[in-house]
Amino acid sequence: MTSSLIRGRSRRTRSSISVRVAHAVLGGAAGLVWLALPGMTINTDAPVAISTDTRRVAAAPDDEETSAADLVLPLAVVGAAGALAGYGYVRRTRRARSRTTPGGSTRPAPPVPPLSGLDEQARTLLAEADNRIRAGHEELGFAEPRSGPAAVAPFTRALREAESELSAAFRMRHRYDAGVPEDETSRRHALTGIVGRCQEACRRLETEAAAFDRLRAPARESGEALAFAETRFRELAARTATTETTLADVTRHYALSATAPVTGHVEQAKDHLVLATTHLNRSRQAADWDDPDGTARDLRAAEGAIARAAVLLDGVDRLAADLTTAQQMLPATLTGAEAELAVVRGLPATGEQGPSDGAPDGPAEGPLSHVPVGELRARLRHADAVLASVRHTLTGARPYDPLDLLRRTVEAAAPLATGRTGVLPAAALLTADSAIADADGFITAHRAAVGAEARTLLAAARETTPAGPAAPPSTLTDRLHADTLARRARELAEQDVRMHGKPDADAAPQAGFGGPGTRANPDSPTP
């Protein structure tokens with residue numbers, strides 16, 4: 001829609017041009033009239049006799065001079081009209097070149113920012129949006145037990161919507177990191193889309209910031225909230241000793257690689273609980289001094305420290321359970337893998353089976369019909385070697401890593417799997433879920449230092465093996481791929497933490513609903 005200012009200026013421009021054209025036409029007409037006047041004054045009556053009087057002859061030059069003088073004024077008028085028309089044309093042209101309104105030349109467009117700057121902005125916003133969502137879940141974990149599911153339903157819905165936007169942004173980022181799209185213009189559009197999705201996720205949380213502040217108003221809930229946080233603190237403090245014992249037992253029974261993902265978790269949890277103690281004491285003092293803002297600030301910081309301590313302890317207990325389950329699944333998984341190999345060897349082939357290794361001489365029918373014979377034999381030899389190594393480790397006297405052996409078994413048999421046994425997909429799901437949970441817990445506990453790349457790979461792993469009753473079933477290949485992505489995400493997260501160079505006790509700021517600028521989400525200060 002064109003503004004009234006532009007419409008008015010357009011009409012005035014056309015009007016001024018019309019006036020100048022009219023002036024030029026009138027000036028030209030006046031010049032023609034002056035040129036025609038001498039001809040109109042010639043006498044057409046009967047001719048007069050010629051006189052030989054020398055006095056009349058001498059007057060002839062005066063008449064000629066008068067006729068020439070009569071032509072000067074019309075020519076001057078025509079010249080003036082032409083000059084005015086030319087001046088108007090030149091002036092209009094200059095104004096058209098210098099104006100910035102629609103219809104004329106605009107000012108030069110601002111320079112396009114470099115792709116590297118847009119890429120860095122996208123990375124920063126991905127980490128920021130992910131941090132806000134993680135902190136939002138932590139805050140709801142303290143608000144829901146006191147206020148009830150109905151009271152926190154709007155905030156739960158806001159988190160789901162923000163997670164949907166962030167998941168789309170992570171999908172775009174994962175394709176971008178894989179080189180899709182390829183041309184620079186499309187990649188710039190992809191980064192712009194990532195930035196927009198992240199901003200929308202943060203905006204969705206910010207819209208609920210005021211309502212969340214009212215739900216957790218210090219004047220109304222400070223005493224109850226503080227008591228609840230102190231109860232959670234005491235529960236975690238008592239649980240720390242139990243989890244420490246669990247980790248010691250796991251360390252004695254399994255190889256060091258089995259417990260490497262949670263090494264130091266108990267000590268870090270203790271550090272967070274010490275930090276929580278400091279903030280709980282400060283919050284209690286602020287409540288006694290009738291300082292609601294100070295009460296809320298330290299209470300939120302204490303809740304954040306308690307939540308991260310819980311994540312670390314949960315990681316130890318979850319890994320211990322996964323190792324136990326993997327150890328129990330190993331014999332059945334080995335049997336299932338060997339059964340798959342036997343099925344492949346017994347499949348019909350185009351030629352007779354070789355007597356030396358039992359491998360088919362031609363391409364087998366079914367899911368492996370596209371595999372060349374030489375590659376099929378190589379796969380069988382590799383799988384036999386891996387399964388023999390796993391069985392040798394199981395029967396040996398040295399501690400081992402059940403999850404690693406389970407993963408090796410599934411990876412060796414997967415290229416030969418025909419889908420006739422369900423134990424391999426179940427084992428792959430266990431290893432993938434364990435890797436995803438491990439990476440997610442590590443990023444949550446150290447999220448102040450973890451960048452966008454690790455978070456993107458973790459999101460891709462989740463997308464590959466979606467959870468929930470409505471999620472489509474994942475294949476064996478999908479689960480193996482998800483396991484690989486999650487373990488790579490954990491490695492990158494560890495690199496980020498090492499490069500960050502700060503202790504874990506002061507790690508993550510509380511940036512949930514509305515971000516760190518709101519009262520409900522202060523940064524977690526260190527004591």
Side-chain angles (χ1 to χ4, degrees), residues 120-142 159 162-163 165-167 169-170 173 194 197-198 201-202 205-206 236 261-262 264-265 267-269 271-273 275-276 279 300-316 318 435-462 485-518 520-526:
E120 185 61 29
Q121 182 186 13
R123 291 173 181 270
T124 301
L125 288 177
L126 280 170
E128 178 184 349
D130 191 39
N131 282 345
R132 291 192 183 190
I133 290 174
R134 290 176 185 273
H137 281 294
E138 291 178 356
E139 293 183 62
L140 285 186
F142 284 90
L159 277 173
E163 286 175 332
E165 294 289 341
L166 184 60
S167 296
F170 275 131
R173 182 73 211 195
I194 294 171
R197 292 279 190 176
C198 294
C202 295
L205 296 180
E206 289 168 1
L236 284 177
V262 295
H265 274 33
E267 289 74 15
Q268 295 172 25
D271 293 338
H272 285 299
L273 291 177
L275 181 64
H279 287 296
R300 303 297 183 267
E303 290 174 347
I306 292 171
R308 292 192 294 278
V311 169
L312 293 168
L313 296 179
D314 289 343
V316 175
R318 177 199 48 77
I436 291 173
D438 174 59
D440 182 68
F442 186 87
I443 292 175
T444 298
H446 308 83
R447 60 180 178 266
V450 179
E453 189 174 0
R455 301 169 193 261
T456 301
L457 292 179
L458 176 59
R462 286 173 171 163
L485 290 173
R487 287 187 290 125
R488 179 56 179 164
R490 168 64 190 259
E491 292 175 0
L492 292 175
E494 289 179 345
Q495 293 177 12
D496 290 339
V497 172
R498 286 194 296 267
M499 292 179 61
H500 194 255
K502 287 187 177 182
D504 296 325
D506 62 350
Q510 292 301 289
F513 288 101
T518 62
N521 304 287
D523 288 345
S524 178
T526 56

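Scope of the values below: all heavy atoms of this structure, side chains included, with no hydrogens, waters or symmetry mates.
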*How close do Leu236 and Ala309 get, heavy atom to heavy atom, and via which atoms?*
CD1-CB, 4.3 Å

*How long is the gap from SG on Cys198 to CG on Asp130, to the nearest 0.5 Å?*
9.0 Å

*Salt bridge present between Glu491 and Arg487 (N-O < 4.0 angstrom)*: no

*asked:* Between Met499 and Glu494, does the side chain to side chain contact (heavy atoms under 4.5 Å, CB included) criterion hold? Intermediate values first, please.
replied: CA-CA 9 Å; Met499 292 179 61; Glu494 289 179 345; over 6 Å; no

*asked:* With side chain to side chain contact (heavy atoms under 4.5 Å, CB included) as the criterion, how do Leu159 and Leu140 come out once you've worked through the C-alpha distance, each side chain's angles and the decisive distance to 0.1 Å?
replied: CA-CA 10 Å; Leu159 277 173; Leu140 285 186; 3.2 Å; yes

*Main-chain N/O of Gly451 paired with Arg455 side-chain donor or acceptor, under 3.5 Å*: yes

*Run the side chain to side chain contact (heavy atoms under 4.5 Å, CB included) check on Arg173 and Arg123 step by step: do they pass?*
CA-CA 9 Å; Arg173 182 73 211 195; Arg123 291 173 181 270; 3.3 Å; yes

*Taking atom OG1 of Thr124 and atom CD of Gln121, what is their separation to the nearest 0.5 Å?*
8.0 Å

*Is there a donor-acceptor contact under 3.5 Å linking the side chains of Thr444 and Arg134?*
yes

*How many angstroms lie between atom CZ of Arg490 and atom CD1 of Ile436, to the nearest 0.5 angstrom?*
14.0 Å

*Work out which heavy atom in Ala445 is nearest to a heavy atom in Arg308; give both atom names and the distance.*
O-CD, 3.7 Å

*Straight-line distance of Glu165 CD to Ile194 CD1, nearest 0.5 Å*: 13.0 Å

*Would you say the side chain of Leu458 lies within less than 4.5 Å of the side chain of Asp440, judging by non-hydrogen atoms?*
yes

*Search all heavy atoms of Ala493 against all heavy atoms of Ala454 and return the closest pair with its distance.*
N-CB, 3.8 Å

_Taking Phe442's backbone N and O only, do any of them form a donor-acceptor pair with His446's side chain (distance below 3.5 Å, no angle check)?_
yes

*Heavy-atom distance under 4.5 Å between the side chains of Arg318 and Asp438, does that happen here?*
yes

_Minimum heavy-atom separation for Ala486 and Ala439, please, with both atom names._
O-CB, 3.6 Å

*Mind checking ring pair (Phe, Tyr, Trp, His ring centres under 6.0 Å) for Phe170 and listing every partner two or more places apart, or none if nothing turns up?*
none

*Taking all atoms of both residues into account, what is the closest heavy-atom pair of Val450 and Ala127, and its distance?*
O-CB, 4.4 Å

*asked:* Distance check, rounded to the nearest 0.5 Å: Glu453 atom CD versus Leu492 atom CG?
replied: 4.5 Å

*With rounding to the nearest 0.5 Å, note down the distance linking CZ in Arg447 to CG in Asp496.*
15.0 Å

*Are the side chains of Leu166 and Ile133 in touch, meaning some heavy atoms are under 4.5 Å apart?*
yes

_Regarding Arg132 and Glu138, does a basic nitrogen lie under 4.0 Å from an acidic carboxylate oxygen?_
no

